[in-house]
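In this text, all values refer to a predicted model and were calculated from it rather than measured experimentally. Here is how names work: the chains are called A, B, and so on, in the same order as the sequence lines, proteins then strands, and each is numbered from 1.
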There are 2 protein chains.
Amino acid sequence: MSADGTRKPPNVFDVARVSGVSTATVSRVFTGKTNRVAPETVERVTAAAKSLGYTPSEIGRSLRLATTKVVVLLVPDATNDFCADVAISLEQSLKGIGLSMVLANTGEDPERQDQLLDDAEGLRPHAIILLGAMDTPRLRQAAQSKRAIIFVNRRPPPTIKGPFVGIDNEAAGYAVAEHFIRQGFSDCAIIHGPRRYSASRGRLEGFLRCLSERGIDTGSVRQIESALTMEAGYKHGLALLRADHPPRAVFCGNDMIAYGINRAATETGARVPEDVAICGFDDNRVNDWLAPWLTTVRVPALDFGPAVISLLNDQEAMPKTSEVILPFSMTIRKSA
Amino acid sequence: MSADGTRKPPNVFDVARVSGVSTATVSRVFTGKTNRVAPETVERVTAAAKSLGYTPSEIGRSLRLATTKVVVLLVPDATNDFCADVAISLEQSLKGIGLSMVLANTGEDPERQDQLLDDAEGLRPHAIILLGAMDTPRLRQAAQSKRAIIFVNRRPPPTIKGPFVGIDNEAAGYAVAEHFIRQGFSDCAIIHGPRRYSASRGRLEGFLRCLSERGIDTGSVRQIESALTMEAGYKHGLALLRADHPPRAVFCGNDMIAYGINRAATETGARVPEDVAICGFDDNRVNDWLAPWLTTVRVPALDFGPAVISLLNDQEAMPKTSEVILPFSMTIRKSA
DNA sequence: TTGTACGCGTTATCAC
DNA sequence: GTGATAACGCGTACAA
C-alpha cells in the first residue's frame with residue numbers, strides 16, 4: 001500500500017485525497033492543531049500519511065511561514081577540538097528545540113567567510129552563529145539586516161553590535177600569569193592568536209597586565225603572534241626553544257599550539273616542565289586521555305550550545321545587546 | 001540607498017521594480033543565463049540587487065526546482081576524531097560543488113537515527129549520507145524511496161542495497177594479525193566494535209582468519225565487544241590488564257578505544273609495549289601530535305569526501321550498486 | 001468540525 | 001531580448 005513507482009514525494013494533496021479530507025485538515029493535523037480536528041479524522045489522516053510515507057516538506061513550510069528551522073554555524077577551523085565541541089554542543093541544543101544546524105568552515109579566510117555568509121543568507125536561516133568572526137564587509141552588511149547573528153568566543157568587531165557568548169579572556173590571561181608568577185616563571189613567552197580577534201587579544205592583555213602589576217618588565221616577554229594550529233605551535237616552539245635564552249615558561253593561545261610546542265620540546269630535548277613550562281588554553285576533552293600532562297585554562301565548550309539557545313530566545317524580544325559570559329577555570333597539571 | 005526599515009528580505013519583484021525589468025529577466029541574470037540577456041540589462045539588474053542587498057532565496061528556488069542544495073550527514077559520534085575528519089572532508093567537497101551540509105548526531109541510537117531520518121526527509125535533501133548506519137525500519141523505508149542515500153564506513157544492512165564508501169576492513173584486520181604474529185604476539189585480545197556493524201565485524205573476522213590460518217587457536221583469543229569510545233576502551237582495558245593472564249597484545253576497534261586502554265595501562269602500571277602491545281584503528285590526525293607512540297591502521301578519512309562526491313555523481317545516472325573502496329595502510333609506531 | 005482560496009519566492013514555458 | 005504567468009507544497013483567514 002506504500003510508495004508507487006513515481007519519483008516525487010507525496011504532498012498534502014495526496015494525503016488529503018487518500019484520507020478523504022481537505023488539505024487544510026491535513027495541515028492542521030501536522031501542525032499539531034489536533035484540538036480543532038475530530039479525533040477520528042486525525043486517525044484517518046495519520047494513517048494515510050504513514051501508508052504514503054508522507055513527511056511534510058520543510059521547503060513549503062518555510063516558504064509559507066517565511067522562517068526556517070535551519071541555523072548556520074560558521075567555524076574558523078573544524079579540525080580544532082574546541083570548535084568541534086562547540087559545534088556538537090550547539091547541534092544538540094538546537095535539535096532540542098527543533099532546529100537543524102548547517103556547518104561550514106571559514107578556515108580563518110575573510111573572503112571565504114563572506115562567501116559563506118552569502119550562501120547562508122540564501123537559506124534564510126533562523127540565525128547565523130559565528131564562532132570566531134572576522135571583520136568583513138559582508139558581515140557588517142548582515143549585521144544591519146534583521147537576521148539574528150550571534151557571536152561566539154570572539155566578540156563582534158568594534159563597528160558591530162551583537163549578542164555574544166564567551167568567557168572573560170582578559171581575566172583568564174591574568175590568571176595564567178598569576179600562576180606563572182607563583183611558580184617563579186617570570187622569564188616567559190606567549191604564543192598568542194591574531195591580535196585582531198578579541199579572544200586572542202584579551203588573553204594577551206590580561207597576561208601582560210598581571211605581569212606588569214607584579215613588577216615584571218613586559219618588554220622582556222617574547223610575544224609571538226601565531227595561527228591557532230598545532231603546526232604553527234610547533235614552528236614557533238622550535239624557534240623559541242632553539243633561541244639563545246629559551247623562555248622558562250610559555251603561555252599558548254590555545255591547546256593546539258601547546259600540542260605543537262610540546263612536540264618541539266620533545267624534539268629539541270627540552271624537558272617539560274623542568275626546562276620549559278607550558279600552559280595551553282581551552283582544555284580540550286582529549287586532554288584527559290592523551291595530554292594528561294597539560295596545564296591549561298578550561299573553557300566549558302559544551303556549555304556554549306545552551307548559552308547560544310538562551311541568547312536566541314532573548315533575541316526574539318530584546319535588543320541585540322545581551323551577552324552570556326561563561327566561567328573558566330585553571331586546570332593545573334604537570335606541564336606548568 | 002540600501003535596506004530600509006522593513007523586516008522582509010528583498011525578492012525578485014523588488015529587484016525587478018528597481019531595475020525596471022521583469023522578474024523573468026532578474027531570474028535569468030541570477031541563474032547565469034546571461035547570454036540571453038542584454039549586457040547592459042545584466043548590469044542594471046546586478047546593480048539593483050546589490051543596492052537592495054538581494055540574495056536569491058534558496059527556499060523559493062528549491063520549491064520551484066523540487067530539489068535542494070542540502071546534503072544531510074548523519075554521524076554516530078561527532079566527538080570521534082575519525083567522524084569529525086570525515087565530516088570536514090565531506091563539507092569541503094560538497095561546498096566545492098555548491099552544496100551545503102547539515103550535520104546531525106545519532107549517538108549510535110537507532111531511534112534517534114529514525115527521528116533524524118524523518119527530519120532529514122523534511123528538508124528534501126539532495127542526498128543523505130550515513131556514516132555508520134544502523135538497521136532500522138525508517139532506514140529501510142528511506143532506501144526504497146527515490147532519494148539518494150550513501151553509506152559510508154559501514155555497509156548497508158543486508159536487506160538494503162546502496163552505494164558504499166569505505167575500506168576493506170577484513171583485509172585490514174588480517175594485516176593487524178599478521179603484524180602481531182611477526183612480532184610474536186600470539187597471545188592476544190581484541191576489543192572490537194559491535195558485531196552488527198559491517199566495519200567492526202570485518203575487522204574482527206579478518207583478524208581471526210589470519211590467526212587461524214597461522215595455526216593459532218582463536219578460542220584462546222579474548223574477544224570483547226565494546227562501544228567505540230575512550231571510556232569503553234578504558235573500562236575493558238582495565239578488566240583485561242587486571243586479569244590473571246593479561247594478553248600480550250590488544251587490537252582495538254578504533255583509536256578511541258586504544259587511547260582508553262592506554263590510560264588503563266598507565267594506571268595499572270603495565271608498560272607499552274613491553275608488557276602489552278596496543279594497536280588502534282583509523283590513525284586519527286591527532287596521533288602525530290599527542291599519540292606518536294600508537295601503532296594503528298591508517299584510514300584516509302580526508303579522502304572520504306571526494307569519494308562520496310564521485311558516488312553522488314554516478315548515482316544520478318547509475319543504479320544504486322556502485323562502491324568505492326579506499327586503501328588503508330599500517331602505521332607502525334612504538335606501541336606494537 | 002471542515003473546506004476553499006490565496007500567497008509565500010522562484011524558475012521554466014510560452015508568447016511577443 | 002524581454003515580459004506575463006503557471007506551478008512548486010504548505011499554512012491560515014475566511015466561509016460554511
J.: When you measure from the side-chain N and O atoms of A:Lys33 to the phosphate of D:dT12, is any distance below 4.0 Å, counting only OP1 and OP2?
T.: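 True: A:Lys33 side-chain N/O within range (under 4.0 Å) of D:dT12 OP1/OP2.
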J.: Could you say whether B:Gly20 or A:Leu63 is positioned toward the 5' end of DNA chain D, judged by the nucleotide with the nearest heavy atom to each?
T.: B:Gly20
J.: Categorize B:Thr31 for me: base, sugar-phosphate, or nothing, with a 4.0 angstrom heavy-atom threshold over every strand shown.
T.: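 Counting heavy atoms under 4.0 Å across all strands, the contact made by B:Thr31 is with sugar-phosphate only.
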J.: Does C:dG3 have OP1 or OP2 sitting under 4.0 Å from an N or O in the side chain of A:Ser22?
T.: yes
J.: Supply the atom-to-atom distance B:Ile97 CD1 to B:Ser93 OG, rounded to the nearest 0.5 angstrom.
T.: 8.0 Å
J.: With sugar-phosphate meaning primed atoms plus P, OP1 and OP2, does B:Arg61 contact a base, only sugar-phosphate, or nothing at under 4.0 Å between heavy atoms?
T.: sugar-phosphate
J.: Counting the atoms with a prime plus P, OP1 and OP2 as sugar-phosphate, which does B:Ala66 contact under 4.0 Å by heavy atoms, base, sugar-phosphate, or nothing?
T.: nothing
J.: Find which nucleotide of DNA chain D each of B:Arg64 and A:Thr25 is nearest to by heavy atoms, and output the residue with the more 5' nucleotide.
T.: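 Whichever sits nearer the 5' end wins; that is B:Arg64.
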J.: So which atom in A:Ala16 and which in A:Ser22 form the shortest heavy-atom distance, rounded to 0.1 Å?
T.: CB-C, 3.8 Å
J.: Is B:Thr41 near enough to D:dG1 that one of its side-chain N or O atoms lies under 4.0 angstrom from OP1 or OP2?
T.: no
J.: At 4.0 Å (heavy atoms only), tell me whether B:Asn35 reaches a base, stays on the sugar-phosphate, or touches nothing.
T.: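 B:Asn35: backbone/sugar contact only, no base atoms under 4.0 Å.
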J.: Are any of A:Ser27's side-chain N or O atoms less than 4.0 Å away from OP1 or OP2 of D:dG11?
T.: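 A:Ser27 to D:dG11 OP1/OP2: side-chain N or O found under 4.0 Å.
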J.: Can you tell me if A:Ser89 uses its side chain to pair, donor with acceptor, with the backbone of A:Gly305 under 3.5 Å?
T.: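 The answer is yes, because a donor-acceptor pair under 3.5 Å joins these two groups.
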